[in-house]
Amino acid sequence: MEYDFKEIEDKWQKKWQADRIYEVTEDASKKKYYCLEMLPYPSGKIHMGHVRNYSIGDVISRFKKMTGYNVLHPIGWDALGLPAENAAIEHGIHPAQWTWTNIDTMNKQLHRLGFSYCWEREIATCSPEYYRWNQWIFLKMYEKGLAYKQKSLVNWCPKCKTVLANEQVEDGSCWRCSTTVSVSKLEQWFFKITDYAERLLNDMNQLTKWPEKVLIMQKNWIGKSSGSTVIFQVENSPHRIEIFTTRIDTIFGATFLIIAPEHPLVNEFISIEPDYEVLKQKVDELRLQAWKNRYTEEYDKEGLFLRRYAINPFNQEKIPIWVGNFVLMEYGTGAIMAVPAHDQRDFEFAQKYNLFIKTVIKPSPQEDTTIADNNAFTDYGILINSNEFSNLASHEAIDRMNHHAQINGFGSHTISYKLKDWGISRQRYWGTPIPILYCDACGIVPVPEKDLPVVLPENVTFTGTGPSPLEQAEEFITATCPKCGNKAKRETDTMDTFVDSSWYFLRYISPHYSNGPFEKSKVSYWMPVDIYIGGIEHAIMHLIYFRFFAKVMVDLGLIDHVEPAPFLLTQGMVIKDGAKMSKSLGNVVDPEELVNTYGADSLRLWMLFAAPPEKDMEWGDKGIEGCYKFLLRIWRIIIPHLDNLKKAPADYDVTSLSIHEKELVKKLHQTIERVTKDINERLHFNTAISSLMELLNTMSYCLHEGIQSPSFWSVMKEVCNKYLIMLSVFAPHIAEELWELMANEGLIFHQEWITYNPDLAKEDIIPIAIQINGKFRTTIDVPSGSTEEVIKNTAIENTVISRHLGDKNIRKIIYVHQKLMNFIIDK
RNA sequence: GCGAAAGUGGCGGAACCUGGUAGACGCGCUGGACUUAGGAUCCAGUGCUGUAAAGCAUGGGGGUUCAAGUCCCCCCUUUCGCACCA
């Protein structure tokens, strides 16, 4: 009988599905375990990254199930978004059709890989039953003031007359028509994530089981910094400019102010100038530069003098006001004080425009500041030229100056964050319609809850140019104002798909519930997620939004846990030829072909064996063959001996075993210990699998040695059955088949995980490493538990050791219990 | 530039926690067995130098220690993330 993986995998997949073995419900008598993998985008076909992600999740799910947990292991589809719309434009397929076809294909592929998903809970975010709850959450957030509308900049292609996503801009040009991209200002919807900046930061304390690097990245992204705001009065004007600085100690060295091109005062100042048009053009240029260059390498700092002066409130000095292309409106207050002597960017700007440079910090009381090699002195130091603050150290000065500004009413200590509010508006079709109406009489009116969902119209055309398809869908736009009954216009923006993926894990818990996004009682049973597995590339955006949503939902009284997933496992990328697999590089390996050639079990095994989960995995074409051979060897060790194995009595007397049988039993128990630990504690499946390979080698050796006493087949029977249980979490199909062939009752899936006996795992003879003067020379074998004295004597008698010792004087002996002995001798 | 992680045979990777036999397991390679044949299977070997004894080896250089892949300092390289953040 040959190992026919096709037949075996097909047989068991059908059986599992027919028996609905992966279905779960809440069971208060059992500990729950929620194993969650990141929501996949249905791009068309499963790729290696998916296989890796889900193979990891499947081992954990199966293991937890076998160790007595009630395991929730769901899957679904992140089914809205740009690619479907692109497909519609290019191939004339409706986004819905394209998406559902892809989901169907990928669903089948996942089935063929034999993952233990609870398919009854499968969700697709593009179904109105799902996205209606995006709309519901939006309305709740709107009520709380967490959703608001504001003008902001977008990429705009003047030829296609359409808004472009960042990824649709290639080298500053439109990806379709190569026209240079310009910027445009649009009213857009935002979520007020900045209100949660401090909590997002603080609650990281709870994330002790997240990778350190993800936490650091999020921390930098939130970018909390402590500084000061200071108000400068504009000379001969009622206007004031508020600036933000982290270095108020350098304020006596402020020789000019720079404000962002979008700053409202810019227009205020230039609008009354005679050459307004020229100035306006220059400012627009600066703004464009600032926007376009935000994703590029460093560029020249440019600016324009606004012909106004501001008064430094600390020394009443009059300093010029400039507009600059490197000051961002969305960070701080959109205005800075420029201290060229102590800030590199300000320094470069001052040099370019010949502005005054004044030194106010020196490194130490002994040294003077020198501006060498065109570098500003940006370290902290001792203040000079700063009136009553002179001779103070920077840190002391910062406190005193903050206080000074505060009591005189022109500033204060301020905390600032880099984190910006989350812009959720998309001028696209294939997204969740934002449930808002515009009424001439009542203004912005939210769609009443009872009218949800606002469903996407089906009959639309996709051209890739002009306004969003929704804006052209007359019957969609036309609505009635729920307040006054007059005609109203429907919002045509749809939501960012990160909204969908911010709460989907809650929908899995009660996927068909229609009275709310989820059933609270069930949520309190399953939440929080016990392990969240996904790619490191989602370290920031998705994982911040996801944490933000949980906090909002806690505030809305919907859930209890402010951190939805206290344990995060970030898997590395699958690399081939030193680069991430991608279509453009042409180094993609198709999992489906591998399943056809080697079977799902082999593929999954190789994904797990090649590297530990958190590391990038180098794809090697030959590796999977090794895994296939490994399964084949298991098959060939059991199948020819099925009769013997089945006939053999289950019990045997441990004390009367032969040496080889004892060896085999010992190896079995050692393997159980290692595999259990590797899966449960270390999550290093590569070493767990290698232990199984070692045990197989021992089994193979014992069989070949042909030492088959009466108890031999009983021992082998136990080893094989326990082997299959361990194997089943990695290669479930072959394990299930062999389990059945061994005439065992029930599915292996329903078996309990096995435990090991420490007494049986113990070695009788152990090797002790012998060093001389710290240098390893040889090992000696001694009975386990031998005393130091016995080990010493055995070592001295050893030929290698005695040769090195000669008649030299042993000064000292260092002994590490049951491990090592180091003889320190005279040279 | 800033932040983070990582550098171990021809290759993927072991050596965890706690400094204590570096190279588990697999791939590849070499030899052998069985075969009409083998790109199947099984067995053996495989870090480098050396007949051996032994010596040298964990990116490079220092240090701590009886003992360092592991701890400390400096440098180099690679990957990832961020990028004018006032």
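Proteins come first, then strands; the chains are lettered A, B, ... in the order of their sequence lines, and each starts at number 1. Because the structure is predicted, anything quoted here is derived from the model rather than measured. Quick note: numbers below take in every heavy atom, side chains included, and nothing from hydrogens, waters or symmetry partners.
Atom CZ in F349(A) sits roughly 13 Å away from atom C1' in A86(B) (whole-Å rounding). The distance between atom NZ of K819(A) and atom P of U21(B), rounded to the nearest whole Å, is 7 Å. Rounding to whole angstrom units, CE of residue M573(A) and C1' of A5(B) are separated by 12 Å. As rounded to whole Å, 13 Å separates atom P of G28(B) from atom CD1 of I624(A). We find that OH of Y628(A) is positioned 14 Å from C1' of G39(B), with the value rounded to whole Å. Regarding F232(A), its CZ atom lies at a distance of 12 Å from the C1' atom of A86(B), rounded to whole Å.
Here the side chain of K6(A) pairs a donor or acceptor atom with the backbone of N596(A) at under 3.5 angstrom. A donor-acceptor distance shorter than 3.5 angstrom exists from the side chain of D678(A) to the backbone of A688(A), with no hydrogens or angles considered. Between the side chain of H542(A) and the main chain of F498(A), no donor-acceptor pair closer than 3.5 Å is present. Panel note: side chain H413(A), backbone N402(A); no donor-acceptor pair is recorded below 3.5 Å.
Residue contacts shown for N220(A) are limited to sugar-phosphate atoms, with no base heavy atom under 4.0 Å away. Among the protein residues, T245(A) comes within range of the sugar-phosphate backbone only, with heavy atoms under 4.0 Å from sugar or phosphate atoms but none that close to a base. Across all strands, I216(A) comes closer than 4.0 Å only to sugar-phosphate atoms, never to a base (heavy-atom distances). Residue-level contact check: I824(A) touches the backbone only, with heavy atoms under 4.0 Å from sugar-phosphate atoms and none from bases. Heavy atoms of V327(A) sit under 4.0 angstrom from at least one base atom. Among the protein residues, E694(A) comes within range of the sugar-phosphate backbone only, with heavy atoms under 4.0 Å from sugar or phosphate atoms but none that close to a base. Across all strands, H804(A) comes closer than 4.0 Å only to sugar-phosphate atoms, never to a base (heavy-atom distances). The residue T778(A) sits apart from the nucleic acid: no heavy atom pair falls under 4.0 Å. Nucleic acid contact class of N697(A) (heavy atoms, under 4.0 Å, all strands): sugar-phosphate only. If you check every strand for non-hydrogen atoms under 4.0 Å, I536(A) touches nothing.
Relative to the ring axis of F567(A), K209(A) places its NZ or CZ within 45° and under 6.0 Å from the centre.
Comment: E317(A) engages K358(A) in a salt bridge, judged by a side-chain N to carboxylate O separation of less than 4.0 angstrom.
Searching all strands for a Watson-Crick or G-U wobble partner of C34(B) with both distances below 3.5 Å returns nothing. Base-pair partner of U65(B): not found among the strands shown (Watson-Crick or G-U wobble, both distances under 3.5 Å). Nucleotide A24(B): unpaired (no Watson-Crick or G-U wobble partner with both distances less than 3.5 Å). Pair assignment for A83(B): none, as no Watson-Crick or G-U wobble contacts are both less than 3.5 Å. Look at U18(B): it lacks any Watson-Crick or wobble partner with both distances under 3.5 angstrom. When both distances must be under 3.5 Å, the Watson-Crick or G-U wobble mate of G50(B) does not exist. Judged by Watson-Crick or G-U wobble contacts below 3.5 Å, the nucleotide U58(B) has no partner. The pairing partner recorded for A5(B) is U78(B), the criterion being a Watson-Crick or G-U wobble arrangement whose two distances lie under 3.5 angstrom.
Taking 4.5 Å as the limit, some side-chain heavy atom of I56(A) sits within range of a side-chain heavy atom of F685(A).
A syn base is found at G9(B): its glycosidic angle is within 90° of 0.
Within 6.0 Å of NZ in K792(A) there are 12 or fewer heavy atoms belonging to other residues, nucleotides or ligands. Within a 6.0 Å sphere centred on CZ of R682(A), other residues, nucleotides and ligands contribute more than 12 heavy atoms.
At the phosphate of A86(B), OP1 or OP2 sits under 4.0 Å from a side-chain N or O atom of Y331(A). Proximity of S416(A) to the phosphate of A86(B): no side-chain N or O atom is located under 4.0 Å from OP1 or OP2.
When each of R345(A) and D616(A) is assigned the nucleotide of RNA chain B bearing its nearest heavy atom, the one mapping closer to the 5' terminus is D616(A). Projected onto RNA chain B by closest heavy-atom contact, K775(A) and R247(A) fall at different nucleotides, the more 5' of which corresponds to K775(A).
Among the nucleotides U21(B), A4(B), C56(B), the one closest to the side chain of P767(A) is U21(B). Closest contact between the side chain of F244(A) and the listed nucleotides G12(B), A54(B), A86(B) involves A86(B). Considering only the side chain of F609(A), G26(B) comes nearest among C85(B), A53(B), G26(B). The side chain of K622(A) lies closest to C27(B) when the candidates are C27(B), G81(B), G13(B). Side chain of R777(A), nearest nucleotide from A54(B), A14(B), G20(B): A54(B). Residue M693(A) places its side chain closer to C25(B) than to any other of A86(B), C25(B), A53(B). Nearest nucleotide to the K418(A) side chain, out of C85(B), C66(B), U21(B): C85(B).
Taking a 4.0 Å limit (strictly below) on heavy-atom distances, residues 672-689 of chain A reaches RNA chain B at R682(A), N686(A), T687(A).
Nucleotides G23(B) and A57(B) place their C1' atoms 11 Å apart, quoted to the nearest Å. Taking the P atoms as reference points, A68(B) lies 12 Å from C56(B), given to the whole Å. Taking atom P in both A86(B) and G69(B), the straight-line distance is 43 Å, to the nearest Å.
A centroid separation of 6.0 Å or more is found between the aromatic rings of F356(A) and F256(A).
Heavy atoms only, all atoms of each residue included: S394(A) and D249(A) are closest at OG-OD2, 2.9 Å.
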Please tabulate, for side-chain N and O atoms in residues 814-822 of chain A, each donor-acceptor pair with protein atoms closer than 3.5 Å (sequence neighbours left out).
residue, atom, partner, partner atom, Å
Y815(A), OH, Q818(A), N, 3.0
Y815(A), OH, Q818(A), NE2, 3.4
Q818(A), OE1, G785(A), N, 2.8
Q818(A), NE2, S786(A), O, 3.2
N822(A), OD1, G774(A), N, 2.9
N822(A), ND2, Q771(A), OE1, 3.3

- Per-nucleotide protein contact along nucleotides 40-45 of chain B, 5' to 3', at a 4.0 Å heavy-atom cut-off (B base, S sugar-phosphate only, - neither), is -SSS--
